[in-house]
Structures are given as C-alpha cells and as structure tokens.
Amino acid sequence: MTIGIRKVCSYLPKDAVSNYNQAQHLDATEDFIRDKIGMLHLTRKGPSEETSDMAMRAVLPVFEEENLTPEQVECLILVTQNPDGKGLPHTSAILHNKLNLPESCVVFDLSLGCSGFVHGLVVVKSFMEQLGLKNGLLVTSDPYSKVIDPNDRDTALLFGDGATATWLSDEFIWDIKESDFGTVSNRNDALRVTSEHCLTMNGRGVFNFAATHIPSSVERVLRKSGIIIDDVDLILLHQGSRYIVETLEKRIGVIGKAPFCAAEYGNTVSSSIPMMLSENVPDDAQRLILSGFGVGLAWATCLLERKNA
Amino acid sequence: MLDRENILEIIDEVVIGIEAASIADDTDFKECGIDSLDHANVLLAIEEQFGVNIPDEDVDKCSSISGIISYVNNARTIK
C-alpha cells in the first residue's frame, strides 16, 4: 500500500499587520520591503486564538469539502514549535479533542520549523505504510506572533500566522517520492527563542545556510530520482523572504520556476509550502520539488509526482 | 590575490540595480544602495570563490571594496 497526498486545506486569520506601517519604526524603506522582504502584510491570529484553534480551522474544510469523517482519521501529526500553553499536554491531543477524533486515532507533535512539512510528509507516509493506515492528517500550525518582538527589525517583518491540513491517504493525487534531509547543528543558535520568550535570528547565518545547502539537496533528490531539473514543473521553496527565494532560484538554476506567493500573509513557517500546494499549483503540473529549511538549522527536500489516472 | 575587478564582477552578478563600476573603493556599501541582504550575498560569494571565512564579527570590516580586499588578502597571507 502506498500513501500519498489527497487534499490540502489552509487557514489564514483575518487580521494582519501592514509591513509598510511597520517600516516606519523599523528603519526599513518601502522598496526594501516590497523588493527584498516581499511580505506586504503579515497575518495575525486573534488574541485568544490558540495554536490548536488555527489547526482545527485548517482541518474542518477537509471534512466539509471532502469525503472524510472524523471517525475515519487514523492518525494526526501536528507540526509546531509554538504549542498551546506550555506544550504539555501535546497540542495534537488538544486538537484531537476539539475535532472529536476516535480514541483509536494516534496523535503526536513534531517539533520542527520551516522544514517541518516536508519532514512530516515522509514521517507520516512511513508511519501509515508501516501500520497499514489509510487516512491520516498532517497539520501545520506554528503562530510565531506568540514570540515576535515587534521592535526587532530582523524578525518583525517576516512572519505571519497560518495553518494547513494535509489529508494523506491510499487514494491520492500526489505521490511522495525521493527525499533528502539534514541538519547543520553547529549553527542551531541562528534561530532561537530566548529566555525572554522572544525569537531572535541571525539573518546572515540563516541566509548562508539556505544558499549553500538547498541547491545541493535539490540536486541529490533529482539524482536519486533519475531526473533533471528541466523535468520538474515547479519548485516550491519555503517562503522565508522574496530575497531567499530569488537567490535560490538563481543558485538552483530555475529562474521562473520557484514562485513567491507569501506577499499577503508572510512566512507561515511549516505552513508555507502546503499553502502553495493548496493554492498555487496548476492542474497540469506533473512533478514538484518541495524544499523547506530553517530552524535547526534543518532542511528537507522531496519530489512529488502527480498520480495520473 | 583578490582585486577590485573580482569584487565588481561579484557585485554585478549578485546585486540587482547597481552599477558596480561606479562604486568607489572606500565607499560604504550602504551609501551606494547595497543593503544588508545584498551585502550578505556578496560576502558569501567572496567566501565561496576565494576560500575564506568571514565571521559575523568581521562583517563591518568588509563593508567596502577596499575593506574586502584588505581583509581577504590578509587572511590568505596568514594561511
């Protein structure tokens, strides 16, 4: 039995901050925001909206729009590093309760950031195939608004809140093929939350990591798959910023194939790739490369192939 | 040895919208429109092409063409 992606749904809160407004007190020009950062608005969850609430709002459309009931869900894995409360109990257990999932449904959290969705795809696929499960949900919900210092120029212009839910099933549209993972742990302090509960980022450190490690990761996936970059229709890169996406486009050699889609909502961490999978992939695309990179510093790249009837 | 031409070539390749040849050796990059992201990208290309490591604490020493030349050529001499 093979497990693949059947459906992806997403949730974005209605509230947002304007980066042009933030620019005024963060010593940033409008040109810099539009052309380099790329994010014009950053979505923000409501003050009482929890990580599990956002996750639930991404999952419910899967039930409402597709032929899937809560009773059929056999596993749910939640990617987050900003849990409800202190993270104990795990947020996926709280979500399990909110969704009224059956006791037999196994849930756990996956603590990863921007590489979390691609890690999660392979983890959940492997888990489901090992156990013979037919319907599972991979959910991403990581609201960085919980840890952003609005006066920190390095981080305040980047991150938006959002959540996604991916239905993995034995009847699927996208086959999850070859993958490549890694961690550069001696730079793990380049992205961390301090004891004051604020995110700090060494922008140069994260940029250098992505620029030097992602092109070779993509190359390894292509080689393992026996294909070349021209055989791929789209590269869905983590939407860290317009600048990193464009830099990677050049370094991978795929100008025009790696869209930047996050202008109106921001870097939604592990939700950034599935959000594009849900909204920005044309019906005739046959092969996609997904590559997430960030916290850890970790990366995860995989190939998706459309399963044609 | 790294020279001005090497750096101009990298700036032209990496930075959009700047005419590298018009940048004087001692002009700080911020003054000619090379922002922090482009600066990081230029330094990464220098590190990769000339086999040097420029730690974060030395980035300010490499904020002009002359600064990069001096830093990189010193680092390579010490090696």
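All figures in this text were calculated on a predicted structure; none of them were measured in a lab. Just so it is clear: chains get the letters A, B, ... in the order the sequence lines come, proteins before strands, and each one is counted from 1.
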Step through the shown structure and confirm whether more than 12 heavy atoms of other residues, nucleotides or ligands are within 6.0 Å of CD1 on B/Ile16. no

Interface residues of residues 15-37 of chain A facing chain B - heavy atom cut-off under 4.5 Å: A/Phe32, A/Lys36

Considering all heavy atoms of both residues, which atom of B/Asp56 and which atom of A/Arg204 are nearest to each other, and what is their separation? OD1-NH1, 2.7 Å

Suppose we screen for salt bridge (charged side-chain N to carboxylate O under 4.0 Å, His left out). Which residues come up paired with B/Asp58, at least two apart in sequence or across chains? B/Lys61

Specify the closest pair of heavy atoms between A/Tyr243 and B/Asp38, including all atoms of both residues, with the distance to one decimal. OH-OD1, 2.6 Å

By residue number, those in residues 260-281 of chain A with heavy atoms under 4.5 Å from heavy atoms of chain B are none

Around atom NZ of B/Lys30, are there more than 12 heavy atoms of other residues, nucleotides or ligands at under 6.0 Å? no

Neighbourhood of chain A inside residues 40-49 of chain B, taking heavy atoms under 4.5 Å as contact: B/Ala40, B/Asn41, B/Leu43, B/Leu44, B/Glu47, B/Glu48

